[in-house]
Structure formats: C-alpha cells, structure tokens
Amino acid sequence: MLQLQHIRENKNGIIDALKKRSLDAEPMLSAILELDEKRRGLQTELDATLAESNKLSKEIGMLFKSGNAAEANALKEQTAGLKEASKKLGEELTSTTSALEEQLYQVPNVPHESVPAGASDEDNEEIFREGDIPKLAEGALPHWELAKKYDIIDFELGVKVTGAGFPVYKGKGARLQRALVAYFLDKNTEAGYTEVQPPHMVNEASGYGTGQLPDKEGQMYHVQADDLYLIPTAEVPITNLHRGDMLSPEDLPIKYTGYTPCFRREAGSYGAHVRGLNRLHQFDKVELVRIERPEASYTALDEMTEHVKVILRELKLPYRILRLCGGDLGFTSALTYDFEVFSTAQDRWLEISSVSNFETFQANRLKLRFKDENGKRQLAHTLNGSSLALPRVLAGILENYQTKDGIEIPEVLIPYCGFDRID
RNA sequence: GGAGGAAUGGCAGAGUGGUCGAAUGCGGCAGUCUUGAAAACUGUUGAGGGUCACACCUCCGGGGGUUCGAAUCCCUCUUCCUCCGCCA
C-alpha cells in the first residue's frame with residue numbers, strides 16, 4: 001500500500017511512473033485524495049465535537065463532586081446533541097476511511113526508475129546470461145518422461161491421493177529434492193541468513209500484511225473451518241514475523257531464509273506449459289527475506305541477486321536474469337529480477353527465482369518500522385527472493401544432466417545425495 | 001474436549017465509574033558528582049492522528065454495548081496460565 005502522504009506530495013510523479021504498468025492511475029489517485037480530504041475534514045469535526053463533550057463531562061463530574069447535582073443534571077441535557085452528532089460523524093468517518101482504504105489497496109507499487117515500460121513478459125529486459133546450454137543427444141526427454149523412466153516422480157499417484165498438481169517424489173527423486181533443500185539452506189546460512197521454520201498456514205491479518213489479500217484471495221487455499229490460509233510462499237509468514245514492529249537501527253538488516261512447501265490454487269492455464277513440474281499446486285521452495293533501511297535496500301537487492309547467481313553457477317545450470325517490465329511486475333514490487341534456467345529438453349526458459357524489492361509497500365501495510373538515530377520513525381524496506389523454487393530446479397537438472405542411460409548429479413549435490421547418478 | 005483464572009506503557013506491577021494516558025519499581029535517555037566508570041542524586045521517557053508550532057482527538061488484548069463520563073460495569077471474540085481428559 002502506498003503512503004498517503006507520498007500520494008499527496010507526488011501525485012503526478014506516481015501517475016507517470018505507473019504508466020510503465022500500462023495503468024492510468026489518475027482517476028484512482030484523484031478519488032483517493034478526495035476521500036482523504038473528506039476523511040480529514042470529518043476527523044477534525046469529530047475531534048471538536050468530542051472535545052466539547054469531554055469538557056462538559058468533566059464539568060459534570062466536578063459539579064457532582066461538589067454536591068451540585070441540580071446544575072450537573074442541567075448540563076447533562078446539553079450533551080445529548082453532542083452525542084448524537086459525534087455518533088453520526090463517527091459513522092461517516094468509518095465509512096469514508098474504509099472507502100479510502102479500499103481504493104488505496106487497488107493501487108500497485110510504483111516501479112523503480114530502472115523498470116522498463118511494457119505490457120507483458122515479452123518486454124522484459126534480459127540483463128545477464130551465463131552458462132553453456134548443453135547439446136543433448138538425440139532423443140533427449142523432458143523431465144516428466146525422465147521421471148517416469150527412472151521412477152523418481154509419480155504424478156498419477158499424486159492424482160489418486162490428492163489431485164492433479166500434487167506429485168509424489170520417490171526414491172532418488174525424493175532424496176535429490178531433500179538434497180537441494182539442504183544445499184540451499186546451507187548456502188543461505190553461510191551468507192548470513194538466519195534459518196527459520198515458519199507456520200505453513202497464516203491468518204487473515206498476515207495475508208493483508210504482505211499483500212496477498214484482498215486482491216489475490218483466489219490464489220490461496222482457504223481453510224474455512226478455522227479461517228486460515230495455506231501459504232503460497234514462505235514470504236508471507238516470514239515477513240509477517242515483524243508485522244507491527246518498531247525496530248532499532250542495530251536490528252537492521254534482518255536476513256532470514258526458510259524452507260516451506262508452498263500451496264497455490266493457480267486456477268486457469270492448463271496445457272503443455274504446465275506439464276510435469278512446471279506448475280503445481282504444492283511445491284517446495286527455499287526463500288530469502290530481508291528487512292532493510294531504505295537507503296540500503298537496493299544494495300541488498302544486488303546482494304541477493306549475486307547470491308542466487310552463485311548457486312546457479314555451482315549447479316552449472318544455464319540461466320539468464322530478466323528485469324521485469326512494468327506490465328509483468330508484481331502488484332507489490334518496485335523492482336523484480338527473474339531468474340530463468342534453460343530447459344534444453346523443453347527448449348524453453350523456466351522461471352526458478354524471483355528477487356524483489358518492495359520498498360515500503362509491504363511495510364506500510366505491515367506497520368513495520370524502525371526508529372532511526374534521530375529518533376525519527378521510518379518505514380523499513382522489505383525484500384524477498386526465492387532460492388530457489390525446487391520443482392523447476394529439479395526439472396532443469398533432470399533435463400540438462402541427462403545422458404543416454406542415466407542422469408548425472410551436479411557435483412555440489414553429491415555429498416547431499418549420497419549418490420552421483422540416477423539410473 | 002471439560003472446569004477455573006488472567007490480559008494495563010520496553011519489562012514488572014497498582015488502579016473496580018469522574019482532571020487516569022494511567023501510581024510505583026526496573027530498564028532507557030540527559031545531567032550533577034568523578035581523571036574515567038560504578039554508585040548516588042536530579043530531570044526525562046508509550047503510540048497514532050492533527051498543527052508551521054500549539055490546541056485538540058484516539059488508544060489500558062480485539063470488537064460491540066451501558067453511561068453526561070469506562071482501564072474500571074455488561075456482551076462477545078482472541079490469546080495466555082492452572083487442573084482434568086485425549087494425543088504425535
């Protein structure tokens with residue numbers, strides 16, 4: 001959520017920046033400012049009424065104390081009108097405030113100046129590429145065929161037990177996945193991230209805090225009996241660990257890493273591009289979350305990007321980095337870099353990581369602040385990144401490391417796996 | 001799941017209808033003293049809105065109610081504690 005004060009002061013700048021998202025924000029922002037003005041007027045009016053009423057109450061109290069009941073009762077009658085007025089003003093204020101918030105929730109984050117304008121993923125800007133694309137032998141298979149051939153992932157079994165999009169990992173497939181989780185967590189903790197194991201379900205307030213609610217309600221599984229949501233990413237519970245906090249300068253930066261399953265309803269889109277591990281309802285992910293001072297957040301974003309690069313380099317997977325254009329940028333993000341691994345057998349790029357700076361957009365909803373050296377309260381910046389989304393890394397490894405009669409294991413994973421090939 | 005109890009400022013802990021945003025202690029900050037530190041003493045110290053700055057308004061777990069007036073009374077929800085039951 002954007003800060004009202006920021007909108008008041010930079011309306012035109014925000015409108016210009018949001019054009020990169022192909023969004024004409026003018027009507028929205030005008031409506032917001034109008035509601036804001038109305039809200040503040042009502043607040044002032046209500047305050048004055050309450051002040052008057054408080055004053056009378058105090059006088060009544062003192063009159064009673066001094067035994068002057070008759071005069072006190074006379075004053076009581078004066079309060080009736082004030083009470084009526086403040087009730088009415090209060091109701092108006094409440095409805096105006098919620099109308100204002102509703103509008104405010106509709107406005108996406110302002111893109112960073114480096115974000116290119118664009119309508120769709122075709123306008124994303126490739127900024128880095130590394131690793132050789134392997135030349136596979138004739139008859140190279142996509143990962144869902146490999147999974148079957150070596151009996152390491154069973155999609156049909158998952159359908160039987162739960163439904164489509166809930167695969168069962170078996171034998172060396174399960175072990176490889178566990179190895180990846182352990183390897184990522186080790187790399188992240190070595191880089192100074194504190195490992196956390198958060199809850200896999202969150203309450204409504206947490207959903208609002210990181211921006212999944214109210215807009216993307218349908219993306220999350222909702223456990224109605226208890227009004228809880230299955231997390232779509234560890235970002236939600238981990239960032240919410242600090243919801244409402246007032247941090248000290250020495251607390252920052254805060255760096256977390258966590259492994260969780262992620263649950264996404266992902267209604268829509270079926271077909272070749274979502275085959276196998278490409279898109280699932282449940283998948284594993286190791287996440288990075290950082291809370292930073294505003295002036296440090298872009299350096300932090302670069303650090304996270306470098307960190308993910310190192311991991312992909314060690315896995316020897318060919319990858320590229322995209323700077324997302326305005327049209328493809330997530331609602332809450334100011335700047336996002338997507339990492340994509342090239343899947344040779346599918347002949348396409350697979351998104352395996354997304355690293356974003358939300359600036360104060362989440363912090364504003366979360367009321368996540370710190371008190372700086374001058375005692376001034378400021379919103380912190382929040383960032384997160386995947387490191388990494390497991391199924392697609394797995395897909396990339398299976399496809400790029402396949403040989404005629406087996407799948408090699410990347411060298412760095414062998415100690416974690418306890419075997420060096422799947423056959 | 002059943003029966004009781006509790007929730008107050010960074011922490012501990014008073015406050016059961018009227019200048020209570022809240023005693024007191026600890027902690028924090030500033031100062032005095034000291035070569036320095038500690039101790040002692042003095043002052044100061046919650047948050048949000050609002051204002052150029054004041055004024056003023058709101059907040060005693062959340063929501064609602066009674067009252068001229070609520071931390072205090074009523075309803076409700078949540079969380080925590082104790083006992084019983086069940087349980088990986």
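Model, not experiment: these values are computed from the prediction. Quick note on labels: first sequence line is chain A, next is B, and so on, each numbered from 1.
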Trainee: Is B:G21 paired to anything, Watson-Crick or G-U wobble with both distances less than 3.5 Å, and if yes, which nucleotide?
Mentor: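 No nucleotide pairs with B:G21.
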
Trainee: Atom CG of A:Leu93 to atom P of B:C59: distance rounded to whole Å?
Mentor: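 Rounding to the nearest Å, CG of A:Leu93 and P of B:C59 are 13 Å apart.
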
Trainee: In whole angstrom, give me the gap between the C1' atoms of B:U45 and B:C57.
Mentor: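 Nearest-Å result for B:U45 against B:C57 at atom C1': 23 Å.
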
Trainee: Can you tell me how far C1' in B:A3 sits from the matching atom in B:A88, rounded to whole Å?
Mentor: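 It comes out at 26 Å once rounded to the nearest Å.
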
Trainee: Is any NZ, NE, NH1 or NH2 atom of the basic residue among A:Arg421 and A:Asp405 found under 4.0 Å from an Asp or Glu carboxylate oxygen of the other?
Mentor: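 A salt bridge links A:Arg421 with A:Asp405.
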
Trainee: Roughly how many Å is it from CG in A:Leu100 to C1' in B:G49, rounded to a whole number?
Mentor: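 So the CG-C1' distance, A:Leu100 to B:G49, works out to 14 Å.
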
Trainee: Does the ring of A:Phe419 carry A:Lys172 above it, NZ/CZ under 6.0 angstrom from centre and within 45° of its axis?
Mentor: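 Yes, A:Lys172 lies over the aromatic ring of A:Phe419.
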
Trainee: What residues, two or more places apart in sequence or in another chain, satisfy side-chain contact (heavy atoms from CB on, under 4.5 Å) together with A:Asp302?
Mentor: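 A:Asp302 satisfies side-chain contact (heavy atoms from CB on, under 4.5 Å) with no other residue.
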
Trainee: Which nucleotide, in any strand shown, forms a Watson-Crick or G-U wobble pair with B:U79, with both distances under 3.5 Å?
Mentor: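 Pairing partner: B:A6.
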
Trainee: Just the rounded figure in Å: distance from P of B:U45 to NZ of A:Lys371.
Mentor: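 Distance check: A:Lys371 NZ to B:U45 P gives 13 Å.
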
Trainee: When we call it a touch if two heavy atoms are under 4.0 Å apart, what does A:Lys367 touch: a base, just sugar-phosphate, or nothing?
Mentor: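 Nothing, no heavy atom under 4.0 Å.
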
Trainee: What's the CD-C1' distance between A:Glu204 and B:G62, to the nearest Å?
Mentor: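 Checked: the CD to C1' distance equals 13 Å.
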
Trainee: Just wondering, do A:Leu398 and A:Ile152 contact through their side chains at under 4.5 Å, heavy atoms?
Mentor: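 Yes, at least one pair of side-chain atoms sits under 4.5 Å.
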
Trainee: Looking at side-chain heavy atoms only, is the closest gap between A:Trp144 and A:Ile153 below 4.5 Å?
Mentor: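 They are not in contact (no side-chain heavy atoms under 4.5 Å apart), so the answer is no.
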
Trainee: Once each nucleotide of nucleotides 52-58 of chain B is scored for protein heavy atoms under 4.0 Å, what B/S/- sequence comes out, 5' to 3'?
Mentor: ----SSS

Trainee: Rounding to the closest angstrom, what is the interatomic distance between B:A23 and B:A12 at atom C1'?
Mentor: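 It works out to 14 Å between them.
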
Trainee: Suppose you measure atom P in B:C54 against the same atom in B:C41; what distance do you get, rounded to whole Å?
Mentor: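 The same atom, P, in both gives a distance of 33 Å.
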
Trainee: Quote, to the nearest angstrom, the C1' distance that separates B:A55 from B:G13.
Mentor: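 My reading of the C1' atoms in B:A55 and B:G13 gives 34 Å.
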
Trainee: For B:C29, what is the paired nucleotide under Watson-Crick or G-U wobble rules, both distances under 3.5 Å?
Mentor: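 Because both required distances fall under 3.5 Å, B:C29 counts as paired with B:G43.
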
Trainee: Any non-hydrogen side-chain atom of A:Asn188 less than 4.5 Å from a side-chain atom of A:His307?
Mentor: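 Yes, side chains in contact.
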
Trainee: Sticking with atom P, work out how far B:U51 lies from B:G69, rounded to a whole angstrom.
Mentor: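 Nearest-Å result for B:U51 against B:G69 at atom P: 28 Å.
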
Trainee: Want to settle it: does A:Arg39 or A:Met62 sit nearer the 5' end of RNA chain B, counting the closest nucleotide to each?
Mentor: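 By nearest-heavy-atom nucleotide position, the 5'-most residue is A:Met62.
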
Trainee: Identify, with sequence neighbours excluded, every residue that meets side-chain contact (heavy atoms from CB on, under 4.5 Å) alongside A:Leu82.
Mentor: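 Here the qualifying residues are A:Thr49, A:Glu52, A:Ser53, A:Leu56.
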
Trainee: Could you state the CZ-P distance from A:Arg377 to B:U45, rounded to the nearest angstrom?
Mentor: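 Atom-to-atom, A:Arg377 to B:U45, this comes out as 14 Å.
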
Trainee: Could you check which nucleotide pairs with B:U66 in any of the strands shown, counting Watson-Crick or G-U wobble with both distances under 3.5 Å?
Mentor: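 Base partner found: none.
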
Trainee: Say you pick atom C1' in B:A71 and the same atom in B:C59; how far apart are they, in whole Å?
Mentor: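 Each nucleotide's C1' atom is 11 Å from the other's.
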
Trainee: By side-chain contact (heavy atoms from CB on, under 4.5 Å), which residues pair with A:Pro261, not counting sequence neighbours?
Mentor: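 Applying side-chain contact (heavy atoms from CB on, under 4.5 Å) to A:Pro261 gives A:His200, A:Phe263, A:Gln282, A:Asp284.
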
Trainee: Taking the side chain as every heavy atom from C-beta outward, state whether A:Val107 and A:Leu18 have any atom pair closer than 4.5 Å.
Mentor: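 The answer is yes; the side chains approach within 4.5 Å.
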
Trainee: Taking only N/O atoms, report every protein-nucleotides 64-69 of chain B pair under 3.5 Å with atom names and distance.
Mentor:
from  : atom 1 : to      : atom 2 : distance (Å)
B:C68 : O4'    : A:Thr79 : OG1    : 3.3
B:C68 : O2'    : A:Ser57 : OG     : 3.1
B:G69 : O4'    : A:Ser57 : OG     : 3.2

Trainee: With a 3.5 angstrom cut-off on both distances, give the Watson-Crick or G-U wobble partner of B:U72, or none if there isn't one.
Mentor: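 Per the H-bond distance test, none.
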
Trainee: Whole Å only: how far is the CG atom of A:Leu63 from the P atom of B:U19?
Mentor: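 Those two atoms, CG and P, are 14 Å apart.
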
Trainee: Say we look at B:U32 and B:C20: how far apart would their C1' atoms be, to the nearest angstrom?
Mentor: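 Looking at atom C1' only, B:U32 and B:C20 are 33 Å apart.
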
Trainee: Roughly how far, to the nearest 0.5 Å, is CG of A:Leu366 from CZ of A:Phe358?
Mentor: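 Going from the CZ atom of A:Phe358 to the CG atom of A:Leu366 covers 10.5 Å.
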
Trainee: Could you pull out all residues at least two apart from A:Asp338 that satisfy side-chain hydrogen bond (donor to acceptor under 3.5 Å, both in side chains)?
Mentor: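 Only A:Ser354 meet the side-chain hydrogen bond (donor to acceptor under 3.5 Å, both in side chains) criterion with A:Asp338.
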
Trainee: Once you apply the 3.5 Å cut-off to both distances, tell me the Watson-Crick or G-U wobble partner of B:G1, or none.
Mentor: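 Its partner is B:C84.
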
